[in-house]
There are 2 protein chains.
Amino acid sequence: MNIKYINIYNEMAAEIEKGELIPRSKLPSENELMQRYDVSRDTIRKALDLLAKNGYIQKIKGKGSIVLDINKFDFPVSGLVSFKELAQKMEKKPETVLVTLQLIKPDEMLAEQLHVSKNDEVWKVIRVRKIENENIILDKDFINKKIVPTLTEEICLDSIYEHIENTLGLQISFAKKEITVEKATKEDKKHLDLDSCNMVVVVKNYVYLSDATLFQYTESRHRTDKFRFVDFARRSY
Amino acid sequence: MNIKYINIYNEMAAEIEKGELIPRSKLPSENELMQRYDVSRDTIRKALDLLAKNGYIQKIKGKGSIVLDINKFDFPVSGLVSFKELAQKMEKKPETVLVTLQLIKPDEMLAEQLHVSKNDEVWKVIRVRKIENENIILDKDFINKKIVPTLTEEICLDSIYEHIENTLGLQISFAKKEITVEKATKEDKKHLDLDSCNMVVVVKNYVYLSDATLFQYTESRHRTDKFRFVDFARRSY
DNA sequence: CAGTGGTCTAGACCACGGT
DNA sequence: CCGTGGTCTAGACCACTGA
């Protein structure tokens, strides 16, 4: 990227994560940062706004910006502590099993959820996520075939997102999530190692590209004891 | 507020919510909006950035901004569908029962969570939220007495937040949330109408003021069947 | 090509905190 | 009082879209 304020953001975010900028200490003032990076104040402000939005710093009028303690925060990063991150934190190797990969005609409900007609084709991908040989998460993905024409077993076992962004050059832009707790279905019981309680946490995810087209609907069904969602939220009028 | 871009944001957000700006249609261009509101482009862009951040619109380079369908989105607003909002959507009268209101000395864990010393005093507030005569949510609040010196039964039954913002003039700025599913404790069973499963959704909330001081730790324990969390998330580098 | 949004600049004035 | 961040302006150039 050749965008100055994003470069500055990334540099400063890295410094905070590495602990080079000490939590609770003051950041250099905007004027100082202007000189240090040799950019205009507006550019510095854009970088600082990004840092603030993502929970790295807090700006206080008349005083300055202070570094927040991201470790005490148990860092949110992406909102959802995804399967990969979860596995990394537990220092265990994640494993993915592909259960289903097929093209289907959507039923009425799915057609509405994906904003496609009943005659369009949709990829249906079902994967089981394992940690320490236990089946923890059941991922059900539905992807508009018009947007992603081909999908292979390798892509599904690796990362569908990477394929979309890197190979197809599409930009994932925003998503709407919904989290509920539901009774486990027969499908859940079949694929997951559930405890006696038979409840699952269901994360429904509608994912949009940068041109606002909906391209994927995902349902992620988690074992309750392994589920954790962390969120950093700023007030916004 | 006398801040132009926030006024413009509020006006446009209201138009979208009322349906005066039609979903999937194009917004006027930034140039047009500059003239319409008689402000600079930067001001318009700040308003549009806020709209984008909160899921009202999507900006597309080279094309324009389009209005997103917030109804299809089942609108997130504040992230967490709080007790009040939940009750409003169900068109039922919410009811709050105050179980505990006292000053305590924090134990080690709480002292760390609230960043206070063991000799400081902390308000402990426990409330039960009822809908249709069922006990749905158990709210446990711990508030730094240094920041909120007085707390009465009336305030707890109304809204602690309103008291803090309106009466004390403090600004709530950001929060960190964590959502997990846990086995119900004796306290949960005592106060909530649980089903056979005895699980609760636990929402832990660390709330900060605009000067980055932590002033409240809240634990909200929900009956699983009445819990729902909605989130709109934009990608941010 | 013209129009759009994205980035960047330089300068102005304000409200706030602390001296 | 000065230094801080917050708001606002005017103008410039770029990359992208679509005719």
Side-chain angles (χ1 to χ4, degrees), chain A residues 1-12 21 24-53 56-68 169-171 173-174 209-213 234-237, chain B residues 1-12 24-53 56-68 169-171 173-174 208-213 234-237:
Chain A
M1 290 262 220
N2 270 333
I3 300 165
K4 289 190 192 175
Y5 75 87
I6 289 179
N7 291 335
I8 295 172
Y9 162 76
N10 283 327
E11 270 186 52
M12 296 183 73
L21 290 168
R24 293 170 181 280
S25 71
K26 278 229 299 252
L27 227 53
S29 75
E30 295 181 352
N31 264 307
E32 232 173 301
L33 291 169
M34 278 172 65
Q35 293 168 7
R36 185 176 305 185
Y37 287 99
D38 191 29
V39 294
S40 73
R41 183 162 169 233
D42 202 56
T43 301
I44 289 295
R45 284 181 60 72
K46 275 186 190 151
L48 294 186
D49 284 348
L50 255 189
L51 288 170
K53 180 183 156 200
Y56 286 96
I57 65 168
Q58 175 72 359
K59 309 176 84 180
I60 304 171
K61 196 194 297 194
K63 283 175 114 172
S65 301
I66 58 179
V67 180
L68 294 178
L170 300 171
Q171 274 278 336
S173 175
F174 62 95
L209 300 175
S210 52
D211 62 354
T213 56
R234 231 162 234 294
R235 183 150 203 171
S236 61
Y237 304 96
Chain B
M1 292 262 219
N2 270 333
I3 298 164
K4 287 190 193 175
Y5 75 87
I6 290 180
N7 290 335
I8 295 172
Y9 162 76
N10 283 327
E11 269 186 52
M12 295 183 74
R24 295 169 179 280
S25 72
K26 278 231 300 255
L27 226 54
S29 76
E30 295 181 352
N31 264 306
E32 233 173 300
L33 290 169
M34 278 172 65
Q35 293 168 7
R36 183 176 306 182
Y37 287 100
D38 191 28
V39 293
S40 73
R41 183 161 168 235
D42 201 57
T43 302
I44 288 295
R45 283 181 60 74
K46 277 185 189 152
L48 294 186
D49 283 349
L50 255 189
L51 288 170
K53 181 184 157 199
Y56 286 96
I57 64 168
Q58 174 74 0
K59 310 175 85 180
I60 305 170
K61 197 196 295 194
K63 283 175 113 171
S65 301
I66 59 177
V67 179
L68 294 179
L170 299 171
Q171 274 279 335
S173 175
F174 62 95
Y208 293 76
L209 300 175
S210 52
D211 61 356
T213 56
R234 228 164 238 293
R235 183 149 200 173
S236 59
Y237 303 97

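Naming: A, B, ... by sequence-line order, numbering from 1 per chain. Computed from a predicted structure; not experimentally measured.
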Exercise. In whole Å, what is the span from the CD1 atom of Ile44(A) to the C1' atom of dA10(C)?
Worked result: 15 Å
Exercise. Any side-chain heavy-atom pair from Leu51(A) and Tyr9(A) closer than 4.5 angstrom?
Worked result: yes
For this session: Run the salt-bridge test on Lys63(B) and Asp211(A) with the 4.0 Å N-O cut-off and return the result as yes or no.
Result: no
Exercise. Taking both distances under 3.5 Å as the test for a Watson-Crick or G-U pair, what stems of at least three pairs does DNA chain D have?
Worked result: C:1-18 with D:1-18
Exercise. Which nucleotide sits closest to the side chain of Asn31(A): dT4(D), dC8(D), dT7(C)?
Worked result: dT4(D)
Problem set entry | Atom-pair distance (CD on Gln58(B); P on dG5(C)), nearest Å | 13 Å
Exercise. Arg41(B) side chain to Met34(B) main-chain N or O, any donor-acceptor pair under 3.5 Å?
Worked result: no
Exercise. Just how far, in rounded Å, is P of dA10(D) from CG of Asp42(B)?
Worked result: 11 Å
For this session: Kindly assign one of parallel, tilted or perpendicular to the pair Phe174(B) and Tyr208(B), based on the angle between their ring planes and the thresholds 30° and 60°.
Result: parallel
Exercise. Separation of Leu50(B) atom CG from dC8(D) atom P, in whole Å?
Worked result: 12 Å
Exercise. Can you tell which of dA15(D), dG5(D), dT9(C) lies closest to the side chain of Arg41(A)?
Worked result: dG5(D)
Exercise. Could you give the CD-to-P distance, from Glu30(B) to dG11(D), as a whole number of Å?
Worked result: 17 Å
Seminar exercise, completed: Arg45(A) atom CZ is separated from dA10(C) atom C1', nearest whole Å, by 15 Å
Exercise. Any idea which of dA15(C), dC8(C), dC8(D) is nearest the Ser40(A) side chain?
Worked result: dC8(C)
For this session: Look only at the side chain of Arg234(A) and the backbone of Ala52(A), and say whether a donor-acceptor pair between them is shorter than 3.5 Å.
Result: yes
Seminar exercise, completed: In whole angstroms, the gap separating C1' of dG3(C) from CD of Glu32(B) amounts to 11 Å
Exercise. Considering only side-chain heavy atoms of Lys46(B), which listed nucleotide, dT7(D), dA15(C), dG6(C), is closest?
Worked result: dT7(D)
Exercise. For dT4(C), does either OP1 or OP2 sit under 4.0 Å from a side-chain N or O belonging to Lys59(B)?
Worked result: no
Problem set entry | Euclidean distance, atom NZ of residue Lys63(B) to atom P of dC16(D) [Å, nearest integer] | 14 Å
For this session: Compute whether any side-chain donor of one residue and acceptor of the other, for Ser65(A) and Gln58(A), lie under 3.5 angstrom apart.
Result: no
Exercise. Charged N to carboxylate O below 4.0 Å: is that the case for Lys59(B) and Glu30(B)?
Worked result: yes
Exercise. How would you label the contact of Ile60(A) with the nucleic acid (heavy atoms, under 4.0 Å): base, sugar-phosphate, or nothing?
Worked result: sugar-phosphate
Exercise. Does a side-chain N or O from Ser65(B) land closer than 4.0 Å to OP1 or OP2 of dT4(C), or not?
Worked result: no
Exercise. Any idea which of dC8(D), dG5(C), dT7(C) is nearest the Tyr5(A) side chain?
Worked result: dT7(C)
